[in-house]
> 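Attaching a single structure in structure tokens format; questions to follow.
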Amino acid sequence: MQNLLPKEFYEKHNTLSLAKQLLGCTLVHESPQGRTSGIIVETEAYLHNDPACHAYRKKTTRNAAMFENAGVAYVYLIYGLHHCFNIVSGAKNIGEAILIRALEPIEGIELMQERRNTKNLCNLCNGPAKLVQAMAITPGFNFFPLDSDKFHCINTQSTDFQIVTTTRIGITQGADLPYRFYIEGNKFVSRK
DNA sequence: CTAATGATGAACT
DNA sequence: GTTCATCATTAGG
């Protein structure tokens, strides 16, 4: 696959810069049921010195993936019933990651509609737990490298959009930090 | 061992 | 716009 983002891509940018670089890229999952993909339209950065970051305190069983080398997946359960998907960034043993909050569906839309049990395109991937369900990302993808054949990102090299920088959603600590980025005017972003 | 909590979404009014 | 379901993980005793 052309323009597949290599591991070096995730390693060479710092977390904040990578969060912006990922906007406009396409996330692809070749699942047994079929291929699904979508453009990343919304991200949030979580830094190692950031109170809202899971890795802020110390390395634990749950957040261990965040301390891996950049370019692997970090999947975890939130509120006991939803999963969220992050792309790990930063150097090894530095717990940083980027939360993927929303996608614009591209391929496998029927499959996504089936998984999400809705046909409304805007309601398919406009939230972290929604896109996880639509793309069939399971907890088994924790530690999964994002330069593999069946699960990866593609650089679409699209610069035809403005990036909006704002504060993150759904957190109580570090709520004033401007670490959320999304594509201006895209109707698939999660916040109304 | 026990209790508090959370990077949410769906279903309401 | 507001409410609530629901549980693994974590921190504290």
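Computed from a prediction, not measured in an experiment: that's the story for all the values here. Per chain, numbering begins at 1; letters A, B, ... match sequence-line order.
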> Quick one: side-chain hydrogen bond (donor to acceptor under 3.5 Å, both in side chains) partners of E68(A), sequence neighbours excluded?
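side-chain hydrogen bond (donor to acceptor under 3.5 Å, both in side chains) list for E68(A), sorted by chain: K92(A).
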> In terms of side-chain heavy atoms, does N126(A) have a donor or acceptor partner in K130(A) at a distance below 3.5 Å?
yes
> Could you check which of dA7(B), dA8(C), dT8(B) has an atom nearest any side-chain atom of H82(A)?
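Closest of the options to the side chain of H82(A): dT8(B).
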> Please confirm whether the shortest side-chain N or O distance from R101(A) to OP1 or OP2 of dT8(B) is below 4.0 Å.
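Answer yes for this pair, as a side-chain N or O of R101(A) is under 4.0 Å from OP1 or OP2.
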> Within the 3.5 Å criterion, strictly below it, is a donor on E104(A) or N186(A) matched to an acceptor on the partner's side chain?
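Yes.
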> Between dA7(B) and Y76(A), counting only base atoms on the nucleotide and side-chain atoms on the residue, is there a donor-acceptor pair under 3.5 Å?
yes
> What I want to check is whether the side chains of E42(A) and S190(A) have a donor and an acceptor closer together than 3.5 Å.
yes
> Side-chain N or O of R116(A) versus OP1/OP2 of dA10(B): is the shortest distance under 4.0 Å?
yes
> Report which part of the nucleic acid L99(A) touches: base, sugar-phosphate, or nothing (heavy-atom distance under 4.0 Å, all strands).
base
> Taking atom P of dA7(B) as reference, at what distance in whole Å does atom CG of N86(A) sit?
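These atoms are roughly 11 Å apart.
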> Is it possible for you to check whether R168(A) lies under 6.0 Å from the centre of the six-membered ring of Y46(A), through NZ or CZ, and within 45° of that ring's axis?
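Yes, R168(A) and Y46(A) form such a contact.
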> For I169(A) and dG9(B), give me the distance from atom CD1 to atom C1', rounded to whole Å.
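After rounding, the gap between these two atoms is 13 Å.
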> Figure out the NZ/C1' separation between K59(A) and dT10(C), and round it to whole Å.
17 Å
> Categorize A52(A) for me: base, sugar-phosphate, or nothing, with a 4.0 angstrom heavy-atom threshold over every strand shown.
base
> Quickly work out the L81(A) CG to dA7(B) P distance and round it to whole Å.
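Answer to the nearest Å: 14 Å.
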> Quick check: on DNA chain B, is the nucleotide nearest N123(A) upstream (toward 5') of the one nearest C53(A), or the reverse? Name the residue that is more 5'.
C53(A)
> Write down the distance between CG (N120(A)) and P (dG9(B)), rounded to a whole number of angstrom.
15 Å
> Verify the cluster assignment for F67(A) and V75(A): are they in a single hydrophobic cluster under the rule of side-chain heavy atoms below 4.5 Å apart?
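In one cluster with F67(A): V75(A), no.
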> Does the gap between the ring centers of F85(A) and F151(A) come in under 6.0 Å?
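Yes - the distance between ring centres of F85(A) and F151(A) falls below the 6.0 Å cut-off.
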> Rounded to the nearest Å, what distance is computed from the OH atom of residue Y74(A) to the C1' atom of nucleotide dT9(C)?
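Taking atom C1' of dT9(C) as the reference, OH of Y74(A) is at 10 Å.
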> Any strand is fair game: report the nucleotide pairing with dT6(C) by Watson-Crick or G-U wobble, both distances under 3.5 Å, or none.
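Its partner is none (no Watson-Crick or G-U wobble pair with both distances under 3.5 Å).
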> Each nucleotide N or O in nucleotides 11-13 of chain C that has a protein N or O under 3.5 Å away: list the pair and distance.
none

> Can you check the K130(A) NZ to dA11(B) P distance for me, whole Å?
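Nearest whole value for this atom pair: 10 Å.
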> For R62(A), answer base if it contacts any base atom (sugar-phosphate contacts may also be present), sugar-phosphate if it contacts only those atoms, and nothing otherwise; contact means non-hydrogen atoms under 4.0 Å.
sugar-phosphate
> Indicate whether Y46(A) forms a stack on dA7(B); treat it as stacked only if centroid distance is below 5.5 angstrom and interplanar angle below 30 degrees.
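Whether judged by distance or by angle, Y46(A) passes, so it stacks on the base of dA7(B).
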> Y79(A) has a side chain; which of dA8(C), dT6(C), dT8(B) sits nearest to it?
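Selected nucleotide: dT8(B).
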> Under a 3.5 Å limit for both distances, which nucleotide forms a Watson-Crick or G-U wobble pair with dA7(B), could you say?
none
> Does the side chain of Q133(A) come under 3.5 Å of the side chain of R115(A) through a donor N or O and an acceptor N or O?
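No - no donor-acceptor pair under 3.5 Å links their side chains.
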> Expressed as a whole number of angstroms, how long is the span from L131(A):CG to dG9(B):C1'?
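Taking CG of L131(A) and C1' of dG9(B), I get 13 Å after rounding.
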